Every structure is written in C-alpha cells, then in structure tokens.
Amino acid sequence: MADQITDEQMFSGSEILLKSLIAEGVDTIFGYPGGQIMPTYDKLYDYQKELRHILVRHEQGAIHAAQGYARAKGIPGVVTVTSGPGATNVITGVADAMIDSTPVVVIAGQVATHLLGTDAFQETDVIGLTTPITKWSYQIRRVEDIQWAVARAFYIASTGRPGPVVLDFTATAQKGKAAFNYEKCNFIRSYHPYPEIEEKAVRKAAKMINEAKKPFLVFGQGIILSGAEKELQALVEKGEIPCASTLLGLSALPDGFPLYKGMVGMHGNIAPNVMTQECDLLIAVGMRFDDRVTGNTATYAIQARKIHIDIDESEFNKVIPVDLGVLGDAKAVLPMITELIEKKPREDWGLTSTICDAVEKHRVIDPEIHPESGEIHMGEVVDTLAEVSGKNALIVTDVGQNQMLGARYSRFNQTRSMITSGGLGTMGFGLPAAIGAKVGRPDRQVCCLVGDGGIQMVIQELGTIMQERTGVKIVLLNNNWLGNVRMWQELFYDQRYSSTRMINPDYSQIASAYGIRYRMVDKREELREAVEEMLSDDMPYILETHVLEEGMVFPMIPPGKNVNEIMLNNDDWFDYGE
Amino acid sequence: MENNEHLFVVSVYSENQVGLLGAIANAFTRRSLNIETLNVEPSEFEGVHRFTFKTRTTLDKVESIVKHIEKKVDVLKAFYYVDNEYLVKEHDILASYIDKHKR
C-alpha cells in the first residue's frame, strides 16, 4: 500500500499528530514549546486557525489549565510540552488528574529513539515517571504508530472512569513521514470502560432500598462525569431519599433542591455527617470514601447496610466494606434502580437535619457570613459572591481555607460549577485551572477563589491571562498566612506557627504590571459593591480582600474522629442536646 | 475482613506492551509488599503474556491488588490463588474470555 501513496499524501509525524487532534475534535491546546517538541510547534504554525494554542508561563500551568478546561467542558484537555523538564513539570497535574478522574491528554516531546537511554540532553524516563499516575502512558517511537496512539489516548482518557493519558512523542516519530488515515478508537479487547450491568445486583439494590426505613444517599463526582444529574434527582425524589454531596460532587444538584442536605466530610455540613451515622441504609454513588469523607473508617456508618454504585470495580471494599456493589455507569444504573423502587412512607427523621441545620446556622454559619464587626471573613466574601452572581458563577478554588469556605458557602444553579483539587489537594491549582475553565466556557462567569499562598505558587500565570485576555475573576483571600496549616497548628500543634506566616508583595503593583484591573477591599461596607464591580463585565479582574488573619473553618471533624464528632469552634463540640 | 497472611499466587495475563511489568509491579510496591518470586513468559494464547507473582499478604490486600492490576488498560485478566492451588481453571476462563471479546 505504501508504494501507491505519493509524496503529497505523506505527512510528517508532527502534522499527523495535529491532524489527529483535530479529528478528535480538539480546538484548544495548553502548552509550552521547547527543544524536543519543536517539530510539532513548527507545524502548529500552519494550524493556528484550527488549533488555538494557549501559551502558559510554566508547564504546571498548562496541565492545571487543561484540567480546568476538561472539568468545565466535559471533554479531554490537551497539553503539549517538551521533554525532560517540560515533562517533569506536568507531573503534579497528571497525578491530580488521576486521583480526581479528569480526562487529559499530555503530549510530551522526547529525544530521538537512537538517543533513548543515553542520558541525552533533556531526556528523562517519562513513561517510568508517569506510569503509576496515568490511566495509560505510551512512548511513540515510530511515525506509523501516532494515529493509533492518539486514538487510543482519547478513547481511554474520556471513557469509563476518566483519567490522564501521557504520550511520550519521540523526535524520531515527529520527523518521520507517513500517510494520514485516521480512525477513532472504540474498542480495546483488554479494556471495558462500560461494564455490563448485572440485573441481579440492581434488583438487590432496589430491594434494600425498599426495605430501608432511613435510607441516605451520598454522591460524588461520578454523577457529573456520567452526566447523571437528572437520573439522580429522579431516584431520590421517587424514593424520598435525603442525599448529600462529596466535595467533588458539588453542583450536581441545584441549590435549594429539597432532599439535598449539603456536603459530607471534614468541613462538610453537620446534618449529612450525622445522618451518615443514623441511617439504616447508605447508598454511595460515584464516590470513593476518601478519608476526608469517612473520618474513622472503623465506625463510619457502622450501623447501616451499604450499597456502592461505581463504574470502577476496584473501588468496592477498598476503604469501606459494603453489602452490595453495583458495577456500572451511574447514568445507566440509577434509572434501573429508580424503576424498581417503591414510593413509600419513610420513618420521619427530618428532625435530625432540622436540629443539625439549626445548630450549624446559629453557631457556625451566621458568625462566619454575617459577622457584626471586625475584619471581613472569608466565608462572607464567598457568600457575597454567590449572592451577586445569582448562584451562576463557575467557582474554581485553590486548596486550603479558600477551598473549604468556597465549598461551604458557594451556591450553584447549574452542574459543573465547582472545580477544585480534591484528592491530591494541589496548592497552585486554582489560578491556572480557572484560566482553562474560562477558555473552555467563555459563556460563563468564572471566579477563582485563592489564598495568598496559592496564588504565589503560580503567579506567573497572570501573564497568560494578560496575553490571552482571559476574563477570569480572581478573588484573592489574603490573610497573610498559610491559613489552613496555621489553623491546624493552632488546633493540633500547640499554636507553634512553624513557617506559616507570609509576607506578601503589593498585589496592586503586580496587577498593574500585568495590566489587570485590581481593587482592594478591607471594609465590610465596600465588599458587595466591589464584587458587583468585578462581575460587571467580562475582563480579567483581581479583587484582593483583606480577611481576618486568624480565620478558622468550622465545623470540623478532626482527622481520625467519627463523622458525628464535630467541632463547632475551638472549644465546643456539636451536641444533640442543645 | 480476614487478616491472616498467606502465600498467594497472583497471575496476570496481558497484551505484550513495553513497560507493563513495571506498571504491574507497582501495585505491589504501593502496598509495601515483597514479591517472593516472579516469572514472565508467553502464555498458551498468541500475543498474550503471563506474569506469575508470589507474595505473602492478606486476602483483602490481594483482592485489592488484583482489581488494581486488572484495571490497567493492557491487562486482560488477573487471578489470585492461595499457595499453589492455581492454574486449575485459568486456561478455560481465559479461552472463553478471548472468545467473548473477539473483534
């Protein structure tokens, strides 16, 4: 066949890669050029109309931006970087994407094949480094393998439980010549992303739900990844099952949905954590029992029978032993269960959440978001943002107190509105992820909640915002501390504040250097008006808020405690009797 | 959960891809398990390789390892057996698997 193809029908490996990306529907790449990926960047010059390249300021920014893009849009984010340091600089984001099930495809340059294993300039063992933190990684050594590898990469990254894929793209393959005849991949014999659903398990799940007097459902990001928001609503409505979200499941159900009881976990709401310990049936959907959710695993929902619905079989019994695992895609499994469950009266345990909610509002929420005097609180800023944006903003957080308060006090009207680094807890995630989210969803108001620690880890990405005019709204919650670590030092390390005090630069000058509009607020009376001003158009904006320096995040289940052992403040614990 | 340690045999059937041994061995390393013996060879099925590990651990851990390994894209099937009771049904299971997922 090869001898029938004329020279005009032959393309370089670099061009084949770009044409393959276009065939997969890619129109945006986040990246940074360098030696061993230069042939591909050279070809990219010819494809600027089809492929928008966002030049970040550090490869870590590229991978986090691709993660934000993927999570906002629901399709894989694409990253191109060079070999050696380019590749190693994306490692954190690849690990983050793995643990948070985010579809990204990373294409890293690699030295020519004859130099592999010789410690050539900017050579590193990318496959060896990324194997444990990718869904699949592959070294493309021959030009003939490019289309096969790209097709597999997109299929693997985006199907089943999504995840990152790394392609280690040798200079030899980039410079070789081959014909282009792209075929999408939809079958790999050793990979079954959508397992057949066992009807027996579905019937058993429905039976367990029908037998339950106090069922309780906890859902995770699996609902969003599967697009099963409506199916989830239908199930809990028919069964009258109260439900709660994990950190990554937030925004799957709209604010005010009557059966929704809030967020579980360490800084979650009191009611769903207490209900976990009171239900007689726990239904977990698309979540993985993270230790920040379960607290002490030995006592977690010990009284309840448990059903775990997940697309990844290796999650069953990994952390919490369950009575029944239902393997499958939530979008397919949930309606099958809904059909079989009966509408029936449940034991009235609404009182549990009423009591818990009242205590939380009075003891925690009101003092945090409606303080009468003193400095601005972080939660107050988040609450104001939710109010002014009409609950329509897409919130991207960094990691730490900004994240926990962002999760607690943001309110969402639509799905895919909360992007945060959950499993890996990567500081520096927020700003670049917000850039990616805004690039992917220019129609949405994207707000980045970030602390003074996190923004400085990736502050160079303000350059990307400047160059691309990405309309990200940066809400900088400045407390001059690494706030979350400081809080733990106060609570658990005898107030020995080791290396957590931060001297900050003058952010107004930084904003001005990057040509980004800026405003500082340190007075409560100005907060609302400042947020309104920030959201009044679609241009980048930095709103620096000087917040209470020793702010805390409550309620809190201290690490290793049972999920109903909840601190309301430094001295008081939640007590039913109140 | 059972917490007694046994010597387990873990056998893994995979496509013939570079780097898979490392990927599979990682599942043991992450759980701080020693691999007592390791054998890699072509299986009786064309293009399919077999890895045989022996490791001393608990039932819970070996179950989680096997599920973890089977999740790898290029792994067809993974099994575990207590001590040497293995190889009994592997051939039949794999033959029907390959038959079912033919394209």
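Owing to the predicted nature of the structure, the values given are computational and were not obtained by experimental measurement.
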Does atom [atom1] ([X]) have a neighbourhood of more than 12 heavy atoms from anything else shown, all under 6.0 Å?
{"X": "B:N39", "atom1": "CG", "result": "yes"}
{"X": "B:E41", "atom1": "CD", "result": "yes"}
{"X": "B:R31", "atom1": "CZ", "result": "yes"}
{"X": "B:E36", "atom1": "CD", "result": "yes"}

> Taking every heavy-atom pair that is under 4.5 Å apart, which of A:R161, A:E315, A:R189, A:E313 has the most such pairs with chain B?
Replying inline: A:R189

State, with a plain yes or no, whether a side-chain heavy atom of [X] is found less than 4.5 Å away from one of [Y].
{"X": "A:R152", "Y": "B:V73", "value": "yes"}
{"X": "B:D74", "Y": "A:W136", "value": "yes"}
{"X": "A:H192", "Y": "B:H101", "value": "yes"}
{"X": "A:S190", "Y": "B:V75", "value": "no"}

>> For A:Y191 and B:K72: C-alpha separation, side-chain torsions, deciding distance, then whether side chain to side chain contact (heavy atoms under 4.5 Å, CB included) applies.
In response: CA-CA 8 Å; A:Y191 170 66; B:K72 296 271 165 208; over 6 Å; no

> Under a 4.5 Å heavy-atom cut-off, does chain B meet the side chain of A:Y138, its backbone, both or neither?
Replying inline: side chain

> Quick one: what part of A:I156 sits under 4.5 Å from any heavy atom of chain B, side chain, backbone, both or neither?
Replying inline: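 When you check distances to chain B, only side chain atoms of A:I156 fall under 4.5 Å.
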
>> Walk me through whether B:V18 and A:R141 qualify under side chain to side chain contact (heavy atoms under 4.5 Å, CB included).
In response: CA-CA 12 Å; B:V18 176; A:R141 290 177 291 271; 3.9 Å; yes

> Looking at OG of A:S314 and CD of B:E70, how far apart are the two atoms once the value is rounded to the nearest 0.5 Å?
Replying inline: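 Answer for the OG-CD pair, A:S314 versus B:E70, is 10.0 Å.
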
>> Rounded at 0.5 Å granularity, tell me how far OG1 in A:T131 sits from CD1 in B:I24.
In response: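 That separation rounds to 11.0 Å.
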
>> For a side chain to side chain contact (heavy atoms under 4.5 Å, CB included) check, start with the C-alpha distance between A:N317 and B:E63, then their side-chain angles and the critical distance, and finish with the verdict.
In response: CA-CA 9 Å; A:N317 301 312; B:E63 274 180 356; 5.9 Å; no

